[in-house]
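Notes follow once the structure below has been shown.
Chain letters run A, B, ... following the sequence lines, proteins first, then strands; residues in each count from 1. The figures that follow rest on heavy atoms only: side chains count, while hydrogens, waters and symmetry mates do not.
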Number of protein chains: 2
Amino acid sequence: MARPRTATRTVEHPDPSEVSLQQVLEALVDPVRRMVVSQLARAGEDKSCGTFDAPVSLSTLTHHFNVLREAGVIRQYYVGTTKMNALRTDEMEQRFPGLLSAVLAAALAKESGSTAGGN
Amino acid sequence: MARPRTATRTVEHPDPSEVSLQQVLEALVDPVRRMVVSQLARAGEDKSCGTFDAPVSLSTLTHHFNVLREAGVIRQYYVGTTKMNALRTDEMEQRFPGLLSAVLAAALAKESGSTAGGN
DNA sequence: TCCATAGTACGACCGTCATCGAAAATAGGC
DNA sequence: GCCTATTTTCGATGACGGTCGTACTATGGA
């Protein structure tokens with residue numbers, strides 16, 4: 001111990017009541033971050049940072065995870081050397097009813113490129 | 001024809017199917033633009049450009065109206081020298097179900113500064 | 001015809017943010 | 001103890017977008 005510089009690495013998360021609409025929208029407006037959220041939603045289970053498919057470097061991805069976490073969109077926790085990510089769907093739904101689900105629905109619909117109409 | 005010299009200034013509007021989620025989110029992420037949309041929603045009727053309350057210059061406001069229009073969020077039309085603005089709520093609801101309404105709900109809830117919890 | 005009113009176009013400025021690479025930290029296995 | 005895998009930190013860079021002021025256009029009325 002001795003104030004283990006390694007407190008098993010805890011991660012700070014905001015209470016939903018502390019995040020603003022502005023924060024959430026800023027988090028979701030970035031395409032890469034939306035990819036992350038979409039993949040998380042589609043997976044249906046927690047994913048480690050390294051398992052995401054995004055067209056940016058790992059360090060950039062870390063940045064995006066931070067933004068998402070600070071906006072209350074995802075929850076992160078360590079498991080050994082890997083860091084897991086989970087969607088805070090329920091809490092978001094409480095704080096901003098319909099918001100995350102609407103974005104997610106639109107993002108996923110686009111991915112599966114169902115109908116035409118384009119992007 | 002006739003093409004009245006004064007085409008009475010027509011305004012171009014995108015078909016909802018042509019606007020992307022990205023565009024809509026980018027439009028709604030700006031606080032000033034959200035103010036505009038909120039005031040429009042709250043008014044319950046079309047408002048002319050000059051009747052909005054925003055902390056920016058008129059030319060900046062014009063820019064914001066353009067962004068909102070190109071994202072399919074508002075519809076604009078001239079009436080004499082004034083330009084009116086209307087929310088395209090129904091069309092947005094079709095294109096991105098729940099999105100605009102969720103943002104609007106959150107934005108209006110904040111305005112009326114109901115409970116604490118802050119911004 | 002001239003003026004007042006309403007909004008637009010243009011160019012410039014500036015802050016913010018996504019991005020990267022390189023170097024560091026942390027935990028687990030051998 | 002050391003090596004490796006995983007993620008973070010740091011500083012630099014570059015692009016994008018919100019902002020403004022000024023000059024301009026368009027409409028309607030006197």
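- Proximity of B:R9 to the phosphate of C:dA6: no side-chain N or O atom is located under 4.0 Å from OP1 or OP2.
- Which of D:dT7, D:dG28, C:dT19 sits closest to the side chain of A:H63 comes down to C:dT19.
- In this structure, B:F65 atom CZ and D:dG18 atom C1' are separated by 15 Å, rounded to whole Å.
- With rounding to the nearest 0.5 angstrom, the CD1 atom of A:I74 is 12.5 Å from the OG1 atom of A:T89.
- Checked against D:dT7, D:dG18, C:dT19, the side chain of B:D30 finds its nearest nucleotide in D:dG18.
- Computed from coordinates, the B:Y78 OH to D:dT25 P distance equals 14 Å when rounded to whole Å.
- The base of D:dG18 is not paired with the side chain of B:T60 by any donor and acceptor separated by under 3.5 Å.
- Taking side-chain N and O atoms only, B:T81 has no distance below 4.0 Å to OP1 or OP2 of D:dT27.
- Remark: B:E12 does not engage B:R69 in a salt bridge, criterion side-chain N to carboxylate O under 4.0 Å.
- Following rounding to the nearest Å, B:N85 (CG) and C:dT8 (C1') show an atom-to-atom distance of 14 Å.
- Across all strands, B:T82 comes closer than 4.0 Å only to sugar-phosphate atoms, never to a base (heavy-atom distances).
- A cation-pi geometry, defined here as NZ or CZ lying under 6.0 Å from the six-membered ring centre and within 45° of its normal, does not hold between A:K83 and A:F65.
- Nucleotide D:dG18 holds its P atom 12 Å from the CG atom of B:L28, rounded to whole Å.
- We find that NZ of B:K47 is positioned 14 Å from P of C:dA6, with the value rounded to whole Å.
- The number of heavy atoms from other shown groups lying within 6.0 Å of CD (B:Q94) does not exceed 12.
- One can place OH of B:Y77 at 17 Å from P of C:dA6, the figure rounded to the nearest angstrom.
- Here the P atom of nucleotide C:dA24 and the CG atom of A:L58 are 18 Å apart, to the nearest Å.
- In this model, a side-chain donor or acceptor of B:S59 finds a partner on the base of D:dG21 within 3.5 Å.
- In this structure, a donor-acceptor pair under 3.5 Å is absent between the side chains of A:T62 and A:S59.
- Side-chain N/O atoms of B:K83 include none lying less than 4.0 angstrom from OP1 or OP2 on D:dA26.
- Within the 4.0 angstrom heavy-atom criterion, only backbone atoms of the sugar-phosphate kind lie near B:H64; the bases stay farther away.
- Residue B:N66 contributes atom CG, which lies 7 Å from atom P of C:dT8 at whole-angstrom precision.
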